[in-house]
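Encoded as structure tokens, the structure appears first; notes follow it.
The chains referred to below are lettered A, B, ... by the order of the sequence lines, with proteins before strands, and numbering in each begins at 1.
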2 protein chains.
Amino acid sequence: MASSKRVTLAQVAELAGVSVMTASYTYNQPGRVSDQARSKVLEAAERLGYAGPDPSARSLRRGSTQTLGVVLGEHLTYAFDDPGAVAFLAGIAEVCAGRGYGMTILPITGAPDDVPRVTGAAVDGFIVWTTSDDDPVLAAVRATKRPAVIHGGPAVRGLELVTVDNRAAAAAVGVLAFAGARRPAILSFPLSRERVSTIGRAADLPHATFPVTRERLQGYRDAAERTGFAWDDVVVAVCARNDAAEAERLAATLLGSADPPDAIAAMGDQQAAGVLAAARAAGCAVPDDLAVTGWDDAEVAARLGLTTVAQSLREQGAVCAQVALGQQTSPRAARWSLVRRSSTRSSTGRGAR
Amino acid sequence: MASSKRVTLAQVAELAGVSVMTASYTYNQPGRVSDQARSKVLEAAERLGYAGPDPSARSLRRGSTQTLGVVLGEHLTYAFDDPGAVAFLAGIAEVCAGRGYGMTILPITGAPDDVPRVTGAAVDGFIVWTTSDDDPVLAAVRATKRPAVIHGGPAVRGLELVTVDNRAAAAAVGVLAFAGARRPAILSFPLSRERVSTIGRAADLPHATFPVTRERLQGYRDAAERTGFAWDDVVVAVCARNDAAEAERLAATLLGSADPPDAIAAMGDQQAAGVLAAARAAGCAVPDDLAVTGWDDAEVAARLGLTTVAQSLREQGAVCAQVALGQQTSPRAARWSLVRRSSTRSSTGRGAR
DNA sequence: CTGTTAGCGCCTTCAC
DNA sequence: GTGAAGGCGCTAACAG
């Protein structure tokens with residue numbers, strides 16, 4: 001039945017005894033073709049083992065691929081490990097599926113071939129997961145001139161941006177973390193793509209090229225100053241990612257130091273969960289000996305009673321997709337809110353809640 | 001600088017004063033072009049705002065898209081929620097990134113347009129996440145004649161299959177679950193795409209069209225019979241998915257019944273975690289009052305001390321990708337092993353471990 | 001309802 | 001190192 005070579009629409013049309021267009025219509029606008037012609041075409045297709053119109057040829061002709069590209073920063077595994085990133089992807093997928101679009105994941109490895117792989121992806125638009133100011137992929141995406149939306153940051157001229165106001169949210173949650181504390185500390189996402197772990201004074205921090213990290217640090221600084229601290233007094237531990245295990249290790253180090261913190265604002269709920277584990281191990285009562293805050297309001301935050309910043313990454317993913325598809329423009333800043341639970345001190349006195 | 005219309009290689013070549021082929025070589029085989037010609041081309045491209053070779057045209061001409069399609073069953077959100085599925089995707093992504101391939105996620109919604117969306121995806125091959133015998137997407141994938149690998153099942157003529165021996169593994173873990181028990185029960189994945197929750201006798205189960213579910217049920221049956229039970233005596237609760245919350249609800253119902261089970265074999269670790277939560281709520285000691293087993297050896301299994309079936313979904317994802325890329329063929333059955341922890345009774349007497 | 005024409009943008013082939 | 005021709009497989013646009 002099937003020939004070994006690729007079967008084309010022209011061959012099907014010939015065998016069916018109709019023109020190529022009739023065969024094409026049979027697949028694309030079946031209602032426009034007579035029953036008779038249609039069945040002849042389908043029968044011929046069956047006989048030849050025709051696989052259906054070739055997607056690449058169709059894309060070329062139509063000028064659209066019906067696919068959106070999603071650029072995920074280095075370490076795809078970590079992206080999938082992060083419940084926030086996963087929710088974001090689910091939001092994109094929902095919109096894509098609803099509009100008949102596919103969704104191409106473009107994993108970035110850090111190797112030089114990232115750029116051609118992104119540029120060469122057959123997609124109608126891009127969604128870029130938070131990255132650093134200096135990520136070469138940003139320029140590559142812009143160079144394609146296809147619609148592109150960046151989530152989180154950085155803001156790039158000509159590309160859309162969907163994000164919460166990280167600085168404001170960090171300031172708000174930071175106040176909850178630091179209120180009533182004497183030695184505030186921060187558990188930070190990496191500052192730059194090198195992703196090294198460090199512990200040090202806030203004043204000694206090198207410039208952060210991840211805008212999301214940078215803005216949250218600024219917000220925590222606002223919070224520290226608002227609650228009576230100098231930025232220099234704040235200890236900042238930098239993690240390589242939003243991961244409980246590493247956070248636990250760093251938190252254990254902090255808590256075991258000569259001058260342990262009594263408040264830790266973390267940039268992610270997974271990190272905060274690690275901090276709670278370290279606190280338990282150290283015999284530290286939360287929130288009395290140690291206040292802890294997270295970020296994202298993931299499932300773990302509710303389970304552990306974490307005070308955190310709530311935002312819907314899923315919804316933001318959906319918005320990114322809509323913007324990339326041109327269904328929506330100029331999204332105002334995404335919504336966020338504070339979720340106050342038992343991991344922070346009550347500002348009106350102990351046990352006030 | 002940039003014109004509003006799409007810029008083509010021919011226009012770049014013309015402005016650069018070279019032939020189209022020289023321009024093409026500049027992008028694809030830079031070494032083959034003189035420095036002079038190359039810089040003229042790149043300058044012209046810059047001036048015109050040329051976005052680089054069009055991916056669809058290139059795919060058509062080359063006959064390959066450099067992308068793999070991954071078909072994820074209904075409810076993409078759930079897929080991302082399932083740590084096993086996520087590990088599987090990470091394994092695929094790893095191989096894809098390493099070979100310069102993209103990875104297109106094809107979410108299945110259950111709507112009739114699933115088939116054209118899958119068929120029409122510009123991909124070189126497919127990886128299909130476990131589905132039911134009657135899923136129309138299977139036929140569609142096969143009809144494309146592109147390489148395709150199914151994970152888990154069903155086995156389809158002409159398509160590759162990567163899976164563990166579910167029946168054997170279920171029999172093995174089932175023996176651990178049921179040993180020393182008097183009223184064995186099973187917490188099952190859905191039987192068919194309808195995904196309804198039910199509780200009933202094993203003998204009354206309708207035919208399962210999800211082969212993975214079916215084979216695991218058969219294995220548990222083997223285990224039940226091997227440990228002295230008739231299949232009719234086994235209670236089976238069917239969940240809509242591998243999710244802790246739903247499992248907890250069903251387990252609570254089981255444990256609150258007139259004749260509560262004292263052993264529950266679950267098809268997933270998340271489900272098993274839900275069972276443990278229900279047991280705790282019901283004041284049921286594990287494993288003495290209730291033995292519990294899971295499946296996958298996810299992170300939660302280690303944390304909760306669950307006896308479970310270990311398999312590397314990540315590795316299986318990688319294998320699927322390699323097979324789909326034609327780098328590997330006829331994969332033998334994937335490896336699995338038993339991980340015995342504290343959620344099951346010791347076969348040599350209490351506390352033997 | 002069916003057919004003809006004319007490319008979509010690029011790259012393989014083969015010549016120079 | 002460079003170029004001319006031709007066509008990958010399909011469908012928009014326009015007849016009839």
- Note on the structure: Residue pairs meeting ring-ring contact (aromatic ring centres under 6.0 Å, His included), one or both in residues 30-71 of chain A, sequence neighbours left out, come to A:Y27-A:Y50
- Item | Contacts of B:R146 that satisfy side-chain contact (heavy atoms from CB on, under 4.5 Å) - sequence neighbours left out | A:P55, B:V123, B:F126, B:T144
- Message: Holding to ring-ring contact (aromatic ring centres under 6.0 Å, His included), I want the full list of residues that pass it with A:Y25, two or more places apart in sequence or in another chain.
- Response: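 So A:Y25 forms no ring-ring contact (aromatic ring centres under 6.0 Å, His included) with any residue.
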- Task: Would you grab the first and last nucleotide of DNA chain D (5' to 3') that comes under 4.0 Å of any non-hydrogen atom in chain B?
- Result: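 Under 4.0 Å from chain B, the extent on DNA chain D is D:dG1 to D:dG9.
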Report the residues that fulfil side-chain hydrogen bond (donor to acceptor under 3.5 Å, both in side chains) with [X], sequence neighbours left out, ordered by chain and then residue number.
| X | result |
| --- | --- |
| B:E14 | none |
| B:S192 | B:E194 |
| A:T67 | none |
| A:E43 | none |

N/O-N/O pairs, protein side and nucleotides 9-12 of chain C side, under 3.5 Å:
| residue | atom | partner | partner atom | Å |
| --- | --- | --- | --- | --- |
| C:dC10 | OP1 | B:Y50 | OH | 2.5 |
| C:dC10 | OP1 | B:D54 | N | 3.1 |
| C:dC10 | OP2 | B:L9 | N | 2.5 |
| C:dC11 | OP1 | B:N28 | ND2 | 3.1 |
| C:dC11 | OP1 | B:R58 | NE | 2.9 |
| C:dC11 | OP1 | B:R58 | NH2 | 3.4 |
| C:dC11 | OP2 | B:S24 | OG | 2.9 |
| C:dC11 | OP2 | B:N28 | ND2 | 3.2 |
| C:dC11 | O2 | B:R61 | NH1 | 2.6 |
| C:dT12 | O4' | B:R61 | NH2 | 3.4 |

